[in-house]
Chemist: 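Encoded as structure tokens, here's the structure I'll be asking about.
In listed order, ligands and their atoms are each counted from 1. As a basis for the values below, the full set of heavy atoms in this structure was taken, side chains included, without hydrogen atoms, waters or symmetry mates.
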Amino acid sequence: MITKRLPENSEGIAEAARILKAGGIVAIPTETVYGLAADARNVAAVEKVFVAKGRPQDNPLIVHISDIEMLRTVAADIPKEAYRLAERFWPGPLTMVLPRDESIPACVSAGLSTVAVRMPSHEIAHNIIKESGLPLAAPSANVSGSPSPTKATHVLEDLDGKIDAVVMSGDCAVGVESTVVTLCTVPPRLLRPGGVTVDELKEVLPTLAVDPAVLAEPEEGKPVASPGMKYKHYSPKSDVIMVCGEGFADFVNSKPDCGALCFSEEAGDIDCPHVVYGSEKNPETLAEGLFSALREADTLGADTVYAHAPKTDGVGLAVYNRLIRAAGFKVMEL
Ligand code: TXA
Ligand code: MG
């Protein structure tokens, strides 16, 4: 298959909508990461997404909508908290897990009775949903297990020849995937940290619980609330080890033949090949740079890459959550 490169203008949006309505799959930019979109009501189209990504069948997809009326067509028994969250955080990087409306086929949600829904703020994503008139099921547009794409070139690295088209837009502003919160449990529970922080969510959901899998490895054999959390993720081909604490530059300088993923503040003190992923003082830059830096880490030629862990407050929690998965939960304290 030849993957069409679509421009990020009205023609590109119209062509993307046309392909989606015909049951094709198209990578589209969002404010978090690029998503691989399909008509959420078309089982054959949704199956193409699983095949192109090599995604396990038991990992459900997020449904993307353009307005609140569409929410009522994909979810059922919507609680009032959902509307309060929508008012505060939509459009934006928040996904809510709600009871699934029967118009959304079970395969979208990997057989669960729930559906994850998000209203992206990215103008192109919004316009493609609106123009097609379809709720779009869209996981991140990477091959399963590799870092999520924050640039159109990342999508092509992974999926060129396997999908109908990609909208060639710019870099994603947030850089890590959306915050996922379920309203189907009491109390509501954070399943995946992201651009919307725990403190912000608690302003609307004071009883919010944080799933233990956010910061640690899910226990073997135990069911997980969000199936995506059990998979090794975001992995470059090198072996990544996450390193917490002070003295990172001295530590990597003492190791032979390694690579490093580091903060801009310490890069000048590091002797081995390294990639900067952002500033320690500004976790938003770490989120924005992380996935691109993980891909770049593979070009360092190091068997082992030590990655300096961020602090876990604010957006740092989302960065820490992605990095610990990229490291396959291998963590060292300095
Ligand atoms: O920012 C994002 O969320 C991006 C962009 C494209 O919107 N999408 C994204 O999708 O990250 P994906 O498929 O890579 O991650 C979806 C996550 C997975 O961890 C999945 O297990 C969880 O959401 N999820 C989806 N539906 C769910 C459900 N019904 N219940 C619990 N977790 C669910
Ligand atoms: Mg993903």
Chemist: Mind checking whether S140 has an N or O less than 3.5 Å away from an N or O of ligand 1?
Modeler: yes

Chemist: Give the atom numbers and elements of ligand 1 that come within less than 4.0 Å of a heavy atom of G35.
Modeler: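 Counting atoms of ligand 1 from 1, those under 4.0 Å from G35 are 6 (C).
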
Chemist: Within the 4.0 Å heavy-atom shell around A116, which atoms of ligand 1 are there?
Modeler: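 Those atoms are 25 (C), 26 (N), 27 (C), 29 (N).
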
Chemist: Return yes if a side-chain donor-acceptor contact under 3.5 Å exists between S148 and R322, otherwise no.
Modeler: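 Note: S148 and R322 side chains miss the donor-acceptor criterion.
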
Chemist: Could you check if a side-chain atom of I25 sits within less than 4.5 angstrom of a side-chain atom of L36, using non-hydrogen atoms only?
Modeler: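 In short, these two side chains touch, coming nearer than 4.5 Å.
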
Chemist: Go through ligand 1 atom by atom and flag the ones less than 4.0 Å from a non-hydrogen atom of P139.
Modeler: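 Those atoms are 10 (O), 12 (P), 13 (O).
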
Chemist: Between D160 and R5, does any NZ, NE, NH1 or NH2 come within less than 4.0 Å of an OD or OE carboxylate oxygen?
Modeler: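 Salt bridge present between R5 and D160.
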
Chemist: Strictly under 2.8 Å, is the Mg ion (ligand 2) approached by any N, O or S atom of S140?
Modeler: yes

Chemist: Is any N or O atom of E177, backbone or side chain, closer than 3.5 Å to an N or O atom of ligand 1?
Modeler: no

Chemist: Can you see whether T197 engages D199 through a side-chain donor-acceptor pair at a distance of less than 3.5 angstrom?
Modeler: no

Chemist: Test your reading of the model: is there a side-chain donor-acceptor pair from S140 to the backbone of N142, 3.5 Å cut-off?
Modeler: no

Chemist: Has ligand 1 got any nitrogen or oxygen that is less than 3.5 angstrom from a nitrogen or oxygen of K53?
Modeler: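 N/O-N/O distance under 3.5 Å: no.
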
Chemist: Just which atoms of ligand 1 are under 4.0 Å from any heavy atom in L61?
Modeler: 25 (C), 26 (N)

Chemist: Identify, by atom number and element, the atoms of ligand 1 in contact range of H64, meaning under 4.0 Å from any of its heavy atoms.
Modeler: 5 (C), 6 (C), 7 (O)

Chemist: Mind checking whether F251 and Y306 have parallel, tilted or perpendicular rings, split at 30° and 60°?
Modeler: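 Perpendicular, since the angle between the ring planes exceeds 60°.
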
Chemist: Is ligand 1 less than 4.0 angstrom away from at least one heavy atom of R100?
Modeler: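 No, R100 has no heavy atoms under 4.0 Å from ligand 1.
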
Chemist: Below a 4.0 angstrom heavy-atom separation, can you tell me which part of A138, side chain or backbone, both or neither, approaches ligand 1?
Modeler: backbone

Chemist: Whether D164 and R18 form a salt bridge (side-chain N of Lys/Arg under 4.0 Å from carboxylate O of Asp/Glu) is what I want to check.
Modeler: no

Chemist: Are S238 and D298 close enough that a side-chain donor and a side-chain acceptor fall under 3.5 Å?
Modeler: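 Distance-only check passes for S238 and D298.
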
Chemist: Report yes if S109 has an N/O atom closer than 3.5 Å to an N/O atom of ligand 1; otherwise report no.
Modeler: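 No; the residue has no nitrogen or oxygen that sits under 3.5 Å from a nitrogen or oxygen of the ligand.
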
Chemist: Quick check for you: to the nearest 0.5 Å, what is the distance between L286 atom CG and E280 atom CD?
Modeler: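 Here the rounded value is 8.0 Å.
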
Chemist: Please confirm whether R55 comes within less than 3.5 Å of ligand 1 when only nitrogen or oxygen atoms on both sides are compared.
Modeler: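 Between R55 and ligand 1, an N or O pair is found under 3.5 Å apart.
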
Chemist: Where the closest heavy atom to atom 29 (N) of ligand 1 is concerned, which of T114, L191, D211 has it?
Modeler: T114

